[in-house]
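Read through the structure below, which is laid out as structure tokens, and then see the notes.
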Amino acid sequence: MGLAAGVATAPADAAPKAPSPGAAGIGDAYYPLDGNGGYDVGHYDIRLSYRPAGDELSGTTTITAKATQDLSRFNLDFLLKVSTLRVNNVPAKFATDGGELTVTPAKPIAKGTNLTIVVTYDDSPGKYKLYGFNAWKRTADGGALATDEPQIAPWWFPSNDHPLDKATFDVSIAAPKDFAVLSNGTFAGKSTQGNGLVRWNWRSAKPQGTYETSLVVGKYQVNFQTAPNGQPFVTAYGADLANPDQARASVERTPEILEFESTQFGPYPFEAQGGVVSTGLGFALENQTRPTFSDDFFTDGSDTYVVAHENAHQWFGDSVSVAGWRNIWLNEGFASYAETLWSEYLGEGTAAEVNQYAYDSIPADDPFWQVLPGDPGPDNQFDDAVYTRGAMALQALRTAVGDADFFKILKKWTKTRQYGNGTIEQFVGLAENVSGKPLQSLFTTWLFTAGKPAVGPNGASVSKALVAPKSFAKIRATDRKLAAAGG
Ligand code: TRP
Ligand code: ZN
């Protein structure tokens, strides 16, 4: 969905091109095999059963897509063993290897053809690794979680696994009756099946990236509420949380946080709100409409900053997604800057103060300053610098263009790229257009040059901030925890 169509047309007298294989990757500089070429997905219908005792995931995923080239074959990203596979009702040949599911239809597919791809499978996700890593998580309550970044989909549904190809989702999962099942968007009911499993149905009606799609199976207390704006607000708290009250004191404020963030970033782009808190994950992730939080964010009392961070990602990351993973600053720098805006709202220090204090408190010889937030490389994709220096870069932009243009830039970005993708270069271009100021050298300094910038995020006239803003320690700890989750 939303992939730019190729506009080149062959001259009328050119010989027809032979159908060729769709590329095994969508063209990501950091992860060459992520996503695929030759088709564009519109919708995923994921209809599975999960039996936690044997880590057994079985059922059918149906993908509707459109061919964007003449295809002799194409790939999906998937790790599990496939039982049957049909393309437009005709059985196709298939083979899985290292996260790539190669599909060879009985006959070549013409560009523009609508595809219905039906994949059935029955396997244990916990057996598989991609990039040397098992992202499928088993939890202490006996359940499982499919939440990770940049890759998680290959452990539970076949997909075009890249933020460039978003789609709508119906996620329907049956599990034993003592387990709750959550995913994204709105709840579409649950019912007990003949075999005793309870089937939970979820629907995301807005374009959603594959890594923002979550599966949560476990022992949770699930709350169905309505936010002041009328949207469903669904929260779930693990039955085994060490600090359930602190978790609630944070995540139950989601509607207020989204109201505040809407004033800063523009209208909330999705149809539902919520959050899931699990034990011992060590991370938080911006799953669409329903971020996931580890309860270790709430061991020192509440943390509304992590809630502000993950919900800011609904605009920056989920609605406007990276066009390639090298643009990760567009996610993490913005979500971390949002924490400093939330601090200002709470009266715990202005964004200018928090970012200045961060700049002042990290010495120039700290390795922190050696990572480039604008192109950190796959090994440092979620480095602390992408978050904290990334947030300082936005404060530096705000200083350069002034408050009015700064928030105009943020709102125009979320509006013009809503449900789409963006690159850092496109953001810089927009900032220059709105402000009428040349900004290349500012971004070169803050995003693409190793070393501590000589001038702080509030400009040359500001001297060292001596007093830590009230929120500083919490925000810094939250960002370091989030960065550590990324490895
Ligand atoms: N994007 C997450 C955040 O900051 C952090 C993150 C990076 C993460 N990689 C991850 C979370 C892997 C879970 C798993 O909000
Ligand atoms: Zn983040």
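Indexing begins at 1, ligand by ligand and atom by atom, following the structure's order.
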In terms of residue, atom name and distance, what is the protein heavy atom nearest to [atom]?
atom                    : value
atom 6 (C) of ligand 1  : Glu149 OE1, 3.6 Å
atom 15 (O) of ligand 1 : Glu310 OE2, 2.7 Å
atom 14 (C) of ligand 1 : Asp148 OD1, 3.3 Å
atom 5 (C) of ligand 1  : Tyr387 OH, 3.3 Å
atom 9 (N) of ligand 1  : Gly486 CA, 3.3 Å

Provide the number and element of each atom of ligand 1 under 4.0 Å from a heavy atom of [X].
X      : answer
Phe283 : 11 (C), 13 (C)
Glu286 : 1 (N), 2 (C), 3 (C), 15 (O)
Glu332 : 1 (N), 2 (C), 3 (C), 4 (O)
His309 : 3 (C), 4 (O), 15 (O)

**OP:** From the options Gly317, Ala284, Ala312, Ala135, select the one whose nearest heavy atom is closest to atom 2 (C) of ligand 1.
**Re:** Ala284
**OP:** Kindly identify the option in Phe382, Phe293, Tyr211 whose heavy atom sits closest to atom 7 (C) of ligand 1.
**Re:** Phe382
Hey, what's the ring geometry for [X] with [Y], parallel, tilted or perpendicular (30° and 60° as the breaks)?
X      : Y      : value
Phe316 : Phe334 : tilted
Tyr44  : Phe169 : parallel
Phe187 : Phe224 : tilted
Trp202 : Trp200 : parallel

Subject >> Aromatic ring proximity, centroids under 6.0 angstrom, Trp136 and Tyr50 >> reply: yes
Original post:
Given the rule in the side chain to side chain contact (heavy atoms under 4.5 Å, CB included) test, do Asn223 and Phe233 qualify, once you have shown the distances and angles that lead to the verdict?
Top reply: CA-CA 8 Å; Asn223 308 297; Phe233 172 47; over 6 Å; no
Original post:
Between Ile362 and Lys452, which heavy-atom pair has the shortest distance, and what is it?
Top reply: O-NZ, 2.9 Å
**OP:** Return the minimal non-hydrogen interatomic distance between Ile409 and Leu430, and the atom names on each side.
**Re:** O-CD2, 3.6 Å
Original post:
Cation over ring, Lys219 on Phe179, under 6.0 Å and within 45°?
Top reply: yes
Original post:
With a cut-off of under 6.0 Å to the ring centre and 45° to the axis, is Lys481 in cation-pi contact with Phe297?
Top reply: yes
**OP:** Please verify whether a non-hydrogen atom of Gln381 lies at under 4.0 Å from ligand 1.
**Re:** no
Original post:
So, Lys129 side chain and Gly98 main chain: donor-acceptor pair closer than 3.5 Å or not?
Top reply: no
Subject >> Electrostatic pair Lys127:Glu56 at N-O distance under 4.0 angstrom >> reply: no
Original post:
Around the Zn ion (ligand 2), how many protein N/O/S atoms fall inside 2.8 Å?
Top reply: 3
Original post:
Is Thr147 close to ligand 1, meaning an N/O of one under 3.5 Å from an N/O of the other?
Top reply: no
